[in-house]
Amino acid sequence: MRRSRYFLPTLRENPAEAQIASHRLMLRAGMIRQSSAGIYSWLPLGLRVLSRIEQVVREEMDAAGCQEILMPAIQPAELWEESGRYQDYGKEMLRITDRHERPMLFGPTHEEVVTDIFRGAVRSYRDLPQNLYQIQWKFRDELRPRFGIMRGREFYMKDNYSFDIDHAGAVRSYNRMFVAYLRTFARLGLTSIPMQAESGAIGGDLSHEFIVLADTGESAVYCDPAWLDTDPLALAIDYEDDLQPVVDEWTRLYAATDDKHDPSTCPLAEDALYRGRGIEVGHIFYFGTKYSKAMGATVTDPEGNDVAVEMGSYGIGVSRLVGAIIEASHDEAGIVWPESSAPFAVGLINLRAGDAACDEACESLYARLTDAGIEVLYDDRDERAGVKFAEMELIGLPWQVAVGPRGVAAGTAELKARAGGEAEALPFDTVLARLTGD
RNA sequence: CGGGGUGUGGCGCAGCCAGGUAGCGCAUCUGCUUUGGGAGCAGAGGGUCGCCGGUUCAAAUCCGGCCACCCCGACCA
């Protein structure tokens, strides 16, 4: 993509309303624009990041045996009357009335809809287990939206729902999701820690929330320092195996948010404890037959009895992850994208646009990188070097390639990792080889 | 929902107390100079001062009502 044609409205100054780093940087980097309180438009750069994160989530869901569907954003209130949540949910639910005076709502979650789909389609235990997911915009009319995208009213979420014939099956489904979540966050370059959680409005008796570590996170966390050295991706996972030992291993270490942490019962000594801050990015629940009983989602078991299916639901805040990654990875100059969620892999800077030799060298690099399947943002504008460097730091692409008259004369370009380190002057072919991994 | 605050050009702000020509920096446009880390000079464009009403010869400024947004707390992917 040529910067001269790219819709990237960056801001030089900090918007007054943005308090935390991710909000400020997303506005400055031209990723989002606010529409109303807690509701945002996603501009090209932001949407690229959102889509990349979404894709990682999708791949891990598919790998864990889930199937993607898409349910309606607008739901009939009727279904929520059946589950009994229409009254319970309160003002966070955006209620809508259609032209026939039929009460509708903008979905804050989809247990009712998915249960309705299930009960109309599945009759036999032979069709279980089943695990359906969607990635979709949801709406919760938060009392006080804040922190930009981190706590918006409209938010992009992956939610999935498991259906099993019995408790043991449901726990297997739960464990699969537990592992898939650890893998997903690790792939995004985040350290996530599962913590025992309350089930809240969804209900149920088995629940973990996944907290991502970030210095500017909203809640304080206390955990065993061993968490910091764990790598979920190091473990080869077969989702057909019994994952209980894996989950046990992962939940063995101490971890608690500040509202749960109690120094008097904590197994670790005060000075052996890691204290940090974190952001909740995922939450998983096993809630058994709460919805299946209320809504009549039953199947016939091997003995010919009708039994209510055992369910669980699992959420990942996809749009929140954009903010969480920035909170976990930024510096004074701007965002520092991990490769797995970066909007472009490489930022190519022409330090002297209009200079024939620089233009030619850049065009060549741009074409060869693009041909190699690498996504490049090529700053071909007639701007001063400082402007281009500053913007490139702000938007945080993992690799910067700077081409100027000095280097071109010597047949080199400068390669620099956004995450740190000095720029290295390297022959064009070497730069290419480094970036393409050849 | 309780408490606090702010609405003035795209962004950041001053002006309001003591009513009288809407102003500054950044950004934008034009020209010249410049050209390896958010350039310099000269010029230009752009604002129903959140909305409605009131007071007044005169309202960004005073008064009343409404709306929006932000922050702190209690609550959440």
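To find a chain, count down the sequence lines: A is the first, B the second, and so on, and within it residues start at 1. Note that this is a predicted model, so its numbers are computed, not measured. Any value given below was found using the heavy atoms of this structure, including those in side chains, with hydrogens, waters and symmetry copies removed.
Across all strands shown, B/rG45 has no partner, as no Watson-Crick or G-U wobble contact with both distances under 3.5 Å is found. Across all strands shown, B/rU6 pairs with B/rA68; the Watson-Crick or G-U wobble distances both stay below 3.5 Å. Under the Watson-Crick and G-U wobble criteria, each requiring two contacts below 3.5 Å, nucleotide B/rU55 is left unpaired. Within the shown strands, nothing qualifies as a pairing partner of B/rU61 under the Watson-Crick or G-U definition with both distances less than 3.5 Å. Across every strand in view, B/rC1 sits in a pair with B/rG73 that passes the Watson-Crick or G-U test at under 3.5 angstrom. Across all strands shown, B/rC11 pairs with B/rG25; the Watson-Crick or G-U wobble distances both stay below 3.5 Å. In this structure, B/rG36 makes no Watson-Crick or G-U wobble pair, since no nucleotide meets both defining distances under 3.5 angstrom.
One interatomic measurement links the two molecules: CZ of A/Arg153 to C1' of B/rC75, which rounds to 16 Å at whole-angstrom precision. In this structure, A/Met150 places its CE atom 14 Å from P of B/rA77, rounding to the nearest Å. The nearest whole Å value for the distance from the CD atom in A/Glu383 to the C1' atom in B/rC26 is 14 Å. The distance between atom CD of A/Gln400 and atom P of B/rG36, rounded to the nearest whole Å, is 17 Å. Straight-line distance from the CG atom of A/Asp141 to the P atom of B/rC75: 18 Å, rounded to whole Å. Rounded to whole angstrom, the span from the CE atom of A/Met157 across to the C1' atom of B/rC76 amounts to 11 Å. If you measure from atom CG of A/Leu27 to atom P of B/rC69, you get 15 Å, rounded to the nearest angstrom. Rounded to an integer number of Å, the gap from CD1 of A/Ile279 to P of B/rC76 is 18 Å.
Of the candidates B/rC71, B/rC76, B/rA39, B/rC76 carries the atom nearest the A/Glu142 side chain, counting heavy atoms from C-beta on. Set against B/rG12, B/rC76, B/rC1, the side chain of A/Ala16 has B/rG12 as its closest nucleotide. Closest to the side chain of A/Glu13, out of B/rA39, B/rG25, B/rA74, is B/rG25. Between B/rG73, B/rC70, B/rG36, one nucleotide has an atom nearer to the side chain of A/Glu17 than all others, and that is B/rC70. For A/Glu280, taking side-chain heavy atoms from C-beta onward, the closest of the listed nucleotides B/rA74, B/rA77, B/rC76 is B/rA77. In the set B/rC71, B/rA77, B/rC13, the nucleotide with an atom closest to the side chain of A/Gln19 is B/rC71. Checking B/rA77, B/rG12, B/rG36 against the side-chain heavy atoms of A/Pro405 singles out B/rG36 as nearest. The side chain of A/Ala385 lies closest to B/rG36 when the candidates are B/rC1, B/rG12, B/rG36.
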With a 3.5 Å cut-off and sequence neighbours excluded, list the donor-acceptor pairs that the side chains of residues 336-346 of chain A form with protein atoms.
{"residue": "A/Trp337", "atom": "NE1", "partner": "A/Ile395", "partner atom": "O", "Å": "3.0"}
{"residue": "A/Glu339", "atom": "OE2", "partner": "A/Trp399", "partner atom": "NE1", "Å": "3.0"}
{"residue": "A/Ser340", "atom": "OG", "partner": "A/Arg187", "partner atom": "O", "Å": "2.8"}

Ignoring hydrogens and angles, write down the donor-acceptor pairs under 3.5 Å from the side chains of residues 319-328 of chain A, residues two or more places apart or on other chains.
{"residue": "A/Ser319", "atom": "OG", "partner": "A/Tyr156", "partner atom": "N", "Å": "2.8"}
{"residue": "A/Ser319", "atom": "OG", "partner": "A/Tyr156", "partner atom": "O", "Å": "3.4"}
{"residue": "A/Arg320", "atom": "NE", "partner": "A/Met150", "partner atom": "O", "Å": "2.8"}
{"residue": "A/Arg320", "atom": "NH1", "partner": "A/Glu280", "partner atom": "O", "Å": "2.7"}
{"residue": "A/Arg320", "atom": "NH2", "partner": "A/Met150", "partner atom": "O", "Å": "3.1"}
{"residue": "A/Glu327", "atom": "OE1", "partner": "A/Thr216", "partner atom": "OG1", "Å": "2.0"}
{"residue": "A/Glu327", "atom": "OE2", "partner": "A/Ser22", "partner atom": "N", "Å": "2.7"}
{"residue": "A/Glu327", "atom": "OE2", "partner": "A/Ser22", "partner atom": "OG", "Å": "2.7"}

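Here the separation of B/rA14 from B/rC1, taken at their C1' atoms, is 35 Å to the nearest Å. Comparing B/rG47 with B/rG9, their C1' atoms are spaced 4 Å from each other, to the whole Å. A gap of 26 Å separates the C1' atoms of B/rU28 and B/rU21, to the nearest Å.
Using a cutoff of 4.0 Å between basic side-chain nitrogens and carboxylate oxygens, A/Arg368 and A/Asp429 are scored as salt-bridged. Looking at A/Glu111 and A/Lys290, no side-chain N of the basic residue comes within less than 4.0 Å of a carboxylate O on the acidic one, giving no salt bridge. Using a 4.0 Å cut-off between a side-chain N of Lys or Arg and a carboxylate O of Asp or Glu, A/Arg85 and A/Glu112 qualify as a salt bridge.
To the nearest 0.5 Å, the span separating CD on A/Gln34 from OH on A/Tyr40 amounts to 4.0 Å. Taking CG from A/Leu397 and CD1 from A/Ile335, the interatomic distance works out to 9.5 Å, rounded to the nearest 0.5 Å.
With no hydrogens or angles considered, a side-chain donor-acceptor pair links A/Tyr378 and A/Asn350 at under 3.5 Å. Checked by atom type, the side-chain pair A/Gln134/A/Asn160 shows no donor-acceptor distance below 3.5 Å.
When heavy atoms are screened at a 4.0 angstrom cut-off, A/Lys91 is found touching the sugar-phosphate backbone but no base atom. Counting any heavy atom pair closer than 4.0 Å across all strands shown, A/Gly152 reaches a base atom. Nucleic acid contact for A/Asn14: sugar-phosphate only, since backbone atoms but no base atoms lie under 4.0 Å from a heavy atom of the residue.
In this structure, A/Arg95 is not positioned above the aromatic face of A/Tyr89 in the sense of NZ or CZ being under 6.0 Å from the six-membered ring centre and within 45° of the axis.
Sorted by first and then second residue, the salt bridge (charged side-chain N to carboxylate O under 4.0 Å, His left out) pairs involving residues 390-401 of chain A (not counting sequence neighbours) are A/Arg3-A/Glu391, A/Arg381-A/Glu391, A/Glu393-A/Lys416, A/Glu393-A/Arg418.
Contact annotation: side chain of A/Arg140 to base of B/rC75, donor-acceptor pair absent below 3.5 Å.
Of the residues near RNA chain B, A/Glu218 and A/Leu351, the one whose nearest nucleotide (by heavy atom distance) lies more toward the 5' end is A/Leu351.
Judged by centroid separation below 5.5 Å and plane tilt below 30°, A/Phe389 does not stack onto the base of B/rG36.
Side chain of A/Asp380 to backbone of A/Arg2: no donor-acceptor contact under 3.5 angstrom is found.
Of the side-chain N and O atoms in A/Lys388, none sit less than 4.0 angstrom from OP1 or OP2 of B/rG37. Between A/Arg352 and B/rU35 there is no side-chain polar atom (N or O) within less than 4.0 angstrom of OP1 or OP2. For B/rC69, the OP1/OP2 oxygens have no side-chain nitrogen or oxygen of A/Arg146 closer than 4.0 Å.
Within a heavy-atom distance below 4.0 Å of RNA chain B, the residues of residues 28-46 of chain A found are A/Arg28, A/Gln34, A/Ser36, A/Ala37. Within residues 314-342 of chain A, the residues that have a heavy atom under 4.0 Å from RNA chain B are, in order of number, A/Gly317, A/Arg320.
A/Arg153 pairs by the salt bridge (charged side-chain N to carboxylate O under 4.0 Å, His left out) definition with A/Asp141, not counting sequence neighbours.
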